[in-house]
Amino acid sequence: QVQLVESGGGLVQAGGALRLSCAASGSILRINVVGWSRQAPGKQRELVARITSSGSTNYIDSVKGRFTISRDNAKNTVYLQMNSLKPEDTAVYYCNQVGVIVSSQGLKAFDAWGQGTLVTVSS
């Protein structure tokens, strides 16, 4: 079983910055794709950024040039550096990691989500 622990959310003024972290624990053999999604009040969850095992990244248009996703494979940790924050970035941010674990039944795929961390950007 894989557990994800997120941290780094909080209250920041518009134009400020935050860095989110998501650490995975468990019998992880490999993490393939990692993504950060967000859900604002009254809106659907949207994928904000993702990074593959090879380091290839994708972002939604609204955060390009402001957000940077990165990963530390040795620590099974992924980061989301958020700069030039705007009030419309206010949301609960969720980390999602997909990969392979070692279990008593052999290798198994996993798809885990974090508990979410609240980011509030004031104007």
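FYI, the numbering just counts along the sequence from 1.
- Considering every non-hydrogen atom in both Trp113 and Leu4, the closest pair reads C-CD1, 3.7 Å.
- Shown here are the side chain to side chain donor-acceptor pair (under 3.5 Å) partners of Ser123, two or more places apart in sequence or in another chain: there are none.
- Leu47 contributes atom CG, which lies 10.5 Å from atom CZ of Arg38 (distance to the nearest 0.5 angstrom).
- Taking CH2 of Trp36 as the reference point, atom OG1 of Thr117 lies at 7.5 Å (rounded to 0.5 Å).
- Rounding to the nearest 0.5 Å places CG of Asn83 at 8.5 Å from CZ of Phe67.
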side-chain contact (heavy atoms from CB on, under 4.5 Å) between Asn96 and Val34, intermediate numbers included: CA-CA 6 Å; Asn96 171 231; Val34 181; over 6 Å; no
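- Scanning all heavy atoms of the two residues, the minimum distance from Gly114 to Glu6 falls at CA-OE2, 3.0 Å.
- For the atom pair OH (Tyr79) and OG1 (Thr68), the distance works out to 14.0 Å, reported to the nearest 0.5 Å.
- Nearest heavy-atom pair across Tyr59 and Ile69 is OH-N, 2.9 Å.
- At a threshold of 4.5 Å between non-hydrogen side-chain atoms, the residues Val98 and Phe110 do not count as touching.
- Counting all heavy atoms, side chain and backbone alike, Val121 lies closest to Thr90 at N-OG1, 2.9 Å.
- For the residue pair Ser70 and Val78, the shortest heavy atom distance occurs at O-CG2, 3.0 Å.
- Here the side chain of Arg66 pairs a donor or acceptor atom with the backbone of Ser84 at under 3.5 angstrom.
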Return a table of donor-acceptor pairs under 3.5 angstrom between the side chains of residues 16-29 and protein atoms on other chains or two or more places apart.
none

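- Considering CZ of Arg50 and OG1 of Thr57, their distance stands at 9.5 Å, rounded to 0.5 Å.
- For the pair Thr52 (side chain) and Ser56 (backbone), a donor-acceptor distance under 3.5 Å is present.
- With salt bridges taken as basic N to acidic carboxylate O contacts below 4.0 Å, one links Lys64 and Asp61.
- Each of Val2, Val33, Ile31 was scored for a side-chain contact (heavy atoms from CB on, under 4.5 Å) with Gln97, with one residue passing: Ile31.
- Around CD of Gln3, the count of heavy atoms belonging to other residues, nucleotides or ligands within 6.0 Å does not exceed 12.
- A donor-acceptor pair under 3.5 Å is absent between the side-chain atoms of Tyr94 and the main chain of Gly35, judged by distance alone.
- Residues meeting the salt bridge (Lys or Arg N to Asp or Glu O under 4.0 Å) test with Arg71, sequence neighbours left out: none.
- A single hydrophobic cluster is seen to contain both Ile60 and Leu80, as judged by linkage of ILVMFWY side chains at heavy-atom distances under 4.5 Å, directly or through other members.
- A donor-acceptor pair under 3.5 Å links the side-chain atoms of Thr77 to the main chain of Lys75, judged by distance alone.
- Minimum interatomic distance between Gln39 and Lys43 (heavy atoms only, all atoms of both residues): NE2-O, 3.1 Å.
- For the pair Asp89 (side chain) and Val119 (backbone), a donor-acceptor distance under 3.5 Å is absent.
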